[in-house]
Number of protein chains: 2
Amino acid sequence: MTPNNEQAITSADKTFFQLRNDIVEGVIPSGCKLSETELSTKYEVSRAVVREAINRLATCHLVERKANVGARVVALSPEGLVQLYQVREALEGMAARLAARYMSDGEIAAMQGLLDSHFNKVKGGESYYQEAGDVDFHYRIVTGSKNSHLISVLIDGLYHLVRMYRVQLGMAGPRVTTAFDEHRHIVNAIANRDEELAEILMRRHILYSKNNIEKKLNHA
Amino acid sequence: MTPNNEQAITSADKTFFQLRNDIVEGVIPSGCKLSETELSTKYEVSRAVVREAINRLATCHLVERKANVGARVVALSPEGLVQLYQVREALEGMAARLAARYMSDGEIAAMQGLLDSHFNKVKGGESYYQEAGDVDFHYRIVTGSKNSHLISVLIDGLYHLVRMYRVQLGMAGPRVTTAFDEHRHIVNAIANRDEELAEILMRRHILYSKNNIEKKLNHA
DNA sequence: TTTTCTCATAATGTCGACAATATAGGCTTT
DNA sequence: AAAGCCTATATTGTCGACATTATGAGAAAA
């Protein structure tokens with residue numbers, strides 16, 4: 001799953017996390033209307049809490065809100081997926097560039113070690129680690145950029161949408177070993193402090209990933 | 001001012017716009033604590049609407065919220081400005097690329113006309129049009145990308161922070177004619193449907209702009 | 001039968017009150 | 001006098017009730 005280092009303080013936090021998970025996992029289906037009263041009875045909290053949770057979901061682009069009408073879970077579409085990956089390409093490309101500039105030698109070494117361990121596990125046939133490893137890799141690059149805007153937009157926002165597409169469109173997909181090679185090349189560029197190359201490789205990595213998903217969509 | 005095509009439906013909308021403007025313009029100073037009770041009496045609305053407004057400000061990164069403590073207006077810093085422009089470079093670069101791909105011939109022609117009229121007005125000495133023209137130009141590129149994520153992150157989010165830095169650090173600045181040339185080159189690339197060049201030029205344009213601001217900050 | 005208007009209903013928006021939490025100031029203790 | 005604890009107070013978090021708005025069913029008119 002997603003590494004959950006965010007912890008719920010208030011009741012609204014908890015409700016937000018639960019709702020977000022239910023939406024990403026498809027328990028609450030795409031396009032579904034979110035009734036405040038209904039959810040408040042279901043989750044056993046007041047409407048104010050549900051309202052705040054829904055507002056936060058809206059900032060993640062997981063739901064869309066209309067004044068005096070209500071909120072609906074975002075509709076998944078091929079165009080939406082393309083747009084999502086266009087933004088990922090821009091932001092994560094920059095994140096890789098900044099990671100090459102700002103990550104400490106220790107952080108880079110840790111990331112290299114991570115790749116090794118994931119590679120061994122995947123080689124041993126544990127397909128679970130493919131997804132988890134990919135997620136972990138991208139998280140480290142983004143946080144390595146030390147850019148608070150990049151971190152919040154990607155980790156608090158877009159990544160949940162990415163996961164939603166993956167889960168609901170059944171993206172377990174191959175592309176395992178090739179993706180690993182791409183990860184390895186990116187980390188090498190970062191280790192060499194080659195900002196330009198790191199950005200280019202990350203952008204191509206995401207572009208390939210998008211093409212792969214699009215191909216599946218069209219075949220289905 | 002900012003072209004305000006967003007209209008307030010609910011009371012929370014109105015309060016949000018007022019608060020946002022007061023923060024950007026510095027009426028509520030950077031770093032200031034936002035008391036819910038205080039603001040609710042000042043703006044003559046209930047605490048619930050102030051709360052919702054503050055939450056929305058938090059999603060714009062104009063205030064920072066801590067559970068059980070409250071919200072403070074974001075602190076402006078040289079590092080924050082650098083990070084802001086790093087993200088702008090990535091996102092607006094991609095926006096220019098997509099604008100070259102998706103903008104209609106009519107939209108491009110309109111943008112060229114806009115540049116002409118702004119050039120004439122600035123040549124006539126109306127310095128107000130420098131800022132307004134720059135804002136308008138960047139808005140058109142972003143909306144021209146037809147990418148809803150780019151549009152919302154930039155226009156609903158980062159641009160208000162950009163304006164806040166401009167206003168409060170006194171960025172009226174020269175760089176008028178050179179910026180105009182850069183705008184012209186970018187539009188030409190878009191008109192030629194040269195995605196690669198449009199992105200590169202936009203990124204350099206924003207990079208120059210950042211360097212210019214940094215220079216001023218260091219001199220002050 | 002189709003269209004339009006009206007109204008009932010159910011949802012969202014707003015409000016004031018209460019509960020839970022953080023913080024500052026004073027008090028005790030060493 | 002300094003440090004730590006504790007209480008008073010003010011702020012945020014949560015709640016249920018009321019106000020306002022959108023929407024669909026049904027009646028009336030063409």
Side-chain angles (χ1 to χ4, degrees), chain A residues 4 6-23 27-75 152 156, chain B residues 4 6-23 27-75 152 156:
Chain A
N4 204 1
E6 46 187 12
Q7 57 178 346
I9 310 264
T10 71
S11 175
D13 292 337
K14 220 172 90 178
T15 309
F16 168 58
F17 293 146
Q18 288 180 355
L19 267 174
R20 190 181 61 187
N21 205 64
D22 285 351
I23 289 173
V27 177
I28 301 175
S30 169
C32 178
K33 174 146 198 295
L34 293 181
S35 162
E36 294 181 1
T37 53
E38 188 182 330
L39 292 174
S40 80
T41 59
K42 181 176 172 185
Y43 288 96
E44 294 179 317
V45 288
S46 91
R47 254 190 65 217
V49 184
V50 172
R51 248 181 104 75
E52 177 161 341
I54 289 180
N55 279 330
R56 289 201 227 168
L57 290 171
T59 75
C60 303
H61 298 270
L62 289 178
V63 312
E64 285 169 353
R65 179 155 222 162
K66 267 205 304 189
N68 287 315
V69 175
R72 305 192 82 87
V73 177
V74 70
S152 76
D156 297 335
Chain B
N4 204 2
E6 45 186 14
Q7 58 178 346
I9 311 263
T10 70
S11 176
D13 292 337
K14 221 172 87 179
T15 309
F16 168 58
F17 293 146
Q18 289 180 353
L19 267 174
R20 189 180 62 187
N21 204 65
D22 285 350
I23 288 173
V27 177
I28 301 175
S30 170
C32 179
K33 175 150 200 294
L34 292 180
S35 162
E36 294 181 0
T37 54
E38 188 182 330
L39 291 174
S40 81
T41 60
K42 181 177 173 184
Y43 288 95
E44 291 178 322
V45 287
S46 91
R47 255 190 64 214
V49 312
V50 172
R51 247 181 105 74
E52 177 161 342
I54 289 180
N55 278 330
R56 290 202 227 169
L57 290 171
T59 75
C60 304
H61 297 271
L62 288 177
V63 312
E64 285 168 353
R65 179 154 220 165
K66 267 206 304 189
N68 287 314
V69 174
R72 308 192 79 87
V73 177
V74 70
S152 75
D156 297 335

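Residue numbering restarts at 1 for every chain, and letters A, B, ... go by the order of the sequence lines. Quantities reported herein were computed from a predicted structural model and do not represent experimental measurements.
With sequence neighbours excluded, the residues forming a side-chain contact (heavy atoms from CB on, under 4.5 Å) with A:Ser11 are A:Thr15, A:Val45, A:Val49, listed by chain and number.
Of all the residues in residues 63-75 of chain A, A:Arg65, A:Ala67, A:Asn68, A:Val69, A:Gly70 reach under 4.0 Å from DNA chain C with at least one non-hydrogen atom. Contacts between residues 30-52 of chain A and DNA chain C, counted as heavy-atom distances below 4.0 Å, involve A:Lys33, A:Leu34, A:Ser35, A:Glu36, A:Thr37, A:Arg47, A:Arg51.
A salt bridge is absent between A:Glu52 and A:Arg47; no separation between the charged side-chain nitrogens and carboxylate oxygens falls under 4.0 Å. Between B:Glu36 and B:Arg65 there is a salt bridge, since a side-chain N of the basic residue sits under 4.0 Å from a carboxylate O of the acidic one. Under a 4.0 Å N-O distance rule, the pair B:Lys42/B:Glu38 does not qualify as a salt bridge. Between A:Glu64 and A:Arg72, none of the side-chain N atoms (NZ, or NE/NH1/NH2) sits under 4.0 Å from a carboxylate O, so this pair counts as no salt bridge.
A:Ala53 approaches A:Ala12 most closely through the heavy-atom pair CB-O, 4.3 Å. Residues B:Ser30 and B:Val74 approach most closely at OG-O, 2.9 Å, considering heavy atoms. Shortest non-hydrogen contact noted between A:Ile28 and A:Leu19 is CD1-CD2, 3.6 Å.
In this structure, CD1 of B:Ile9 is placed 16 Å from C1' of C:dA11, rounded to the nearest angstrom. Taking atom CD1 of residue A:Ile54 and atom C1' of nucleotide C:dT12, one finds them 10 Å apart after rounding to whole Å. The interatomic distance linking A:Lys14 (NZ) with C:dA20 (P) rounds to 15 Å, in whole Å.
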